[in-house]
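Read through the structure below, which is laid out as structure tokens, and then see the notes.
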Amino acid sequence: MSLCSFVFYLITLLSFMCNISHALKLHSGNETDMQALLAFKEGIIQDPYGTLSPYIGNLTFLTSLNLELNNLHGKIPPQIPFELGSLQKLERLQVHNNNLNGPIPEKLDNLSTIKSLSLSVNNLEGSIPSSLNQLKTLNVLGLGINKLSGMVPAAIFNLSSLEIFTVCYNQLYGTLPLDFGLSFPKLKVLRIGHNSFTGPLPKSLSNASNLVELDAYGDVDDLSFFNSLSRCRNLKVLDLSDCKFGAVLPDSIANLSTTLMSLRLGGNQLFGSIHSGIGNLVNLTELQLQKNDFSGSIPEVIGNLRRLQLVDLSKNKFSGSISSSMSNMTRLYSLHLEKNELTGNIPLSFGDFWYLQDIDLSQNHLSGSIPDGVMSLSTLTNSLNLADNQLSGSLSVEIGALNNLGRLDISNNMLSGQIPNSIGRCVALESLVLAGNFFEGIIPSSLSSLKGLEELDLSRNNLSGQIPTSLQLISLKKVNLSFNQFEGQLPTECVFRNATAISVSGNKKLCGGIPELELPICPNTDPEERDKSRSIKLMIPLLY
């Protein structure tokens, strides 16, 4: 265990013990509760690890149980439902984000006063008990991200007090009743997507006027429910990703609530152009339309969405140039436009994205030079990927400003000139891929400053000179220097000792290296050794 882990463990354990002590002081006359707490503590091997003790069921004064974000494992104790029936004050049971397995206990309906039941993000399996419809005071029912199967019991739709209902990312099937929206008049969060539901999304959802977040499904060719969503004026999150919709995005997208902050339609088969009405959604902070078949140009009005922080339009068929209006999105931290058919230059104004951490414009038809402003975005921390375009010109010396960047890929373009020595200031780089260009000259000695570099690919260029021994970095795990004009002796330490981790083919003047590479033996270039060899040759005739 590391020191940090030990300190965290100690603090958490002390906090837990303090809570137990406090509880015992409050109810010192209740021997059952005291013994139950001690038994619960004994079940924890190393905080936050352990099993969920059945003695919880003996805590008669318990009003709230929160065990989220631990590593509890094992089944939900079958004694719990029976014992919990006596916990008349229990209002919240939260055991999400653990590793609990087995079925949901049938008799949780004994929790007659419970308001919040959260079992999400576990490994629970089996069906959803129909007996849960007895929990008339329930406001929150969280069953998402488990392995639940079967149909949602019709009786569940009688829980009219529900405000949050989540069953997403399970293996549930069936259809939702047409009056679904009428059954939950107080509904604020509905997450039912990423299951195997069929049939249309009920238009009665428009009656859930308090709806704030919707993660749903729908018929493959039916997006008519979009019209009804315009009545949900408080909607902030709309997630219809991975639903396999194969239709044109309705014009009614322009009528969605202006309170909408997240629009997620990725992983479908949506086609056609994006309606300009999307510019009405002025409070959007997240726009995900990736992995569809959208075509045409990216709407100019997208520049109106000045609050956008994450934009993913990748893996579509967008064409035309990148609108300079996108630079109006000054809060952007992630931009993905890769795998489209975009042409023209990278806008100079992209250098004004002051918060940008991640940008991917790869696999398009972009041309021209890389703007100096883009190569000096010191905010970039994750990735700068401009690979597989038709970019030309030299690599700016401003690249040294990318001192927080983790991955740089500008491979398969038409870039030329020398690799700037300033690249050695990109000290956070873990992956550097410059392959498939026309770079020339030597490998900069400054690469030795990249102490965290794990992958280096300089293949298919016109680089020359010797491979510096300073590249024998401990961190390097993969090196590709093939098809250049390198010469001289190949290093033999660190990554260069592993024949499967390096590639140097296509460099006809290289020699030495480890035997597995089968390079020619280097000629003797040491002056002293060379002179010694000559003197031996001269002495041989004198021996006769």
> Please walk me through it: do Leu366 and Leu391 pass side-chain contact (heavy atoms from CB on, under 4.5 Å)?
Replying inline: CA-CA 6 Å; Leu366 299 173; Leu391 299 170; 4.2 Å; yes
>> Using side-chain contact (heavy atoms from CB on, under 4.5 Å), reason through Leu429 and Leu405 one step at a time and then give a plain yes or no.
In response: CA-CA 6 Å; Leu429 275 180; Leu405 186 65; 4.3 Å; yes
> Given the rule in the side-chain contact (heavy atoms from CB on, under 4.5 Å) test, do Tyr169 and Val121 qualify, once you have shown the distances and angles that lead to the verdict?
Replying inline: CA-CA 9 Å; Tyr169 291 97; Val121 197; over 6 Å; no
>> Walk me through whether Leu332 and Tyr355 qualify under side-chain contact (heavy atoms from CB on, under 4.5 Å).
In response: CA-CA 6 Å; Leu332 207 61; Tyr355 299 101; over 6 Å; no
>> Go through it in stages, so that I can follow the logic: the residues are Glu286 and Ser262, the test is side chain to side chain donor-acceptor pair (under 3.5 Å), and I'd like the CA-CA distance, side-chain angles, deciding distance and then a yes or no.
In response: CA-CA 5 Å; Glu286 177 185 4; Ser262 294; 2.8 Å; yes
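Pairing each heavy atom of Gly400 with each of Cys426, the nearest pair is CA-SG, 4.3 Å. Nearest approach of Leu453 to Ser431, heavy atoms of both residues: CD1-N, 3.9 Å. Here the closest non-hydrogen pair linking Thr166 and Gly142 is OG1-CA, 3.2 Å. Here the closest non-hydrogen pair linking Gln472 and Phe496 is CG-CD1, 3.9 Å. Ser411 and Asn437 make their closest contact through CA-ND2, 3.9 Å (heavy atoms, listed as atom of the first residue, atom of the second, distance). When all heavy atoms of Leu395 and Met375 are compared, the pair lying nearest together is CD1-CE, 3.8 Å.
Side-chain N/O atoms of Glu338 and Ser362 include no donor and acceptor closer than 3.5 Å. Remark: the Asn283 side chain and the Arg307 side chain contain an N/O donor-acceptor pair separated by less than 3.5 Å. No side-chain N or O of Asp352 forms a donor-acceptor pair with one of Ser327 less than 3.5 Å apart. For the residue pair Ser319 / Glu341, no side-chain donor-acceptor distance below 3.5 Å is found, with atom types taken as modelled. Side-chain contact check for Asn413 and Asn389: no donor-acceptor pair (N or O, by modelled atom type) lies under 3.5 Å. No hydrogens or angles considered: nothing links the side chains of Asn480 and Arg460 as a donor-acceptor pair under 3.5 Å.
In this structure, the side chains of Asn292 and Leu249 stay at 4.5 Å or more apart for every pair of heavy atoms. Side-chain contact between Phe225 and Leu240 is present, with heavy atoms from C-beta onward closer than 4.5 Å. Using a 4.5 Å heavy-atom cutoff, the side chains of Val374 and Leu384 are in contact. Using a 4.5 Å heavy-atom cutoff, the side chains of Ile419 and Asn461 are not in contact. Looking at heavy atoms from C-beta onward, Ser228 lies out of side-chain contact with Leu205 at the 4.5 angstrom threshold. Ile359 is not listed as a side-chain neighbour of Leu377, based on a closest heavy-atom distance of 4.5 Å or more. Residues Leu415 and Ile410 have side chains in contact (heavy-atom distance under 4.5 Å, counting atoms from C-beta outward). Looking at Glu430 and Arg407, their side chains never come closer than 4.5 Å, going by heavy atoms from C-beta outward.
Judged by distance alone, the side chain of Asn170 and the main-chain N or O of Leu143 form a donor-acceptor pair under 3.5 Å. Formation of a donor-acceptor pair under 3.5 Å by the Asn328 side chain with backbone atoms of Arg306 is not found in this model. Listed for the Ser241 side chain is no donor-acceptor partner under 3.5 Å among the backbone atoms of Arg264. Listed for the Thr285 side chain is a donor-acceptor partner under 3.5 Å among the backbone atoms of Met261. Counting only distance, with no hydrogens or angles, the side chain of Asn507 and the backbone of Phe486 share a donor-acceptor pair below 3.5 Å. The closest donor-acceptor contact from the side chain of Ser120 to the backbone of Gly144 lies under 3.5 Å. Side-chain atoms of Asn364 come within 3.5 Å of backbone N or O of Asn340 as a donor-acceptor pair. Without hydrogens or angle criteria, Asp358 side chain to Ser334 main chain gives no donor-acceptor distance under 3.5 Å. In this structure, the side chain of Ser422 engages the main chain of Val397 through a donor-acceptor pair within 3.5 Å. Side-chain N or O atoms of Ser325 include one that pairs as donor or acceptor with a backbone N or O of Glu300 at under 3.5 Å.
With respect to Arg191 and Asp215, no salt bridge is recorded, no charged nitrogen being found less than 4.0 Å from a carboxylate O.
Rounding to the nearest 0.5 angstrom, the gap separating the CG atom in Asp293 from the CG atom in Leu270 is 8.5 Å. In this structure, CD1 in Ile423 is found 5.5 Å from CG in Leu434, a value given to the nearest 0.5 Å. Interatomic distance, CD of Glu455 versus CG of Leu476, reported as 9.5 Å (0.5 Å rounding). Note: Tyr217 OH to Cys168 SG = 14.0 Å, rounded to the nearest 0.5 Å. Separating the CZ atom in Phe318 from the NZ atom in Lys339 is a distance of 15.5 Å, to the nearest 0.5 Å. Atom CG in Leu310 sits 10.5 Å away from atom CD in Gln357 (nearest 0.5 Å).
Within 6.0 Å of CZ in Arg233 there are more than 12 heavy atoms belonging to other residues, nucleotides or ligands.
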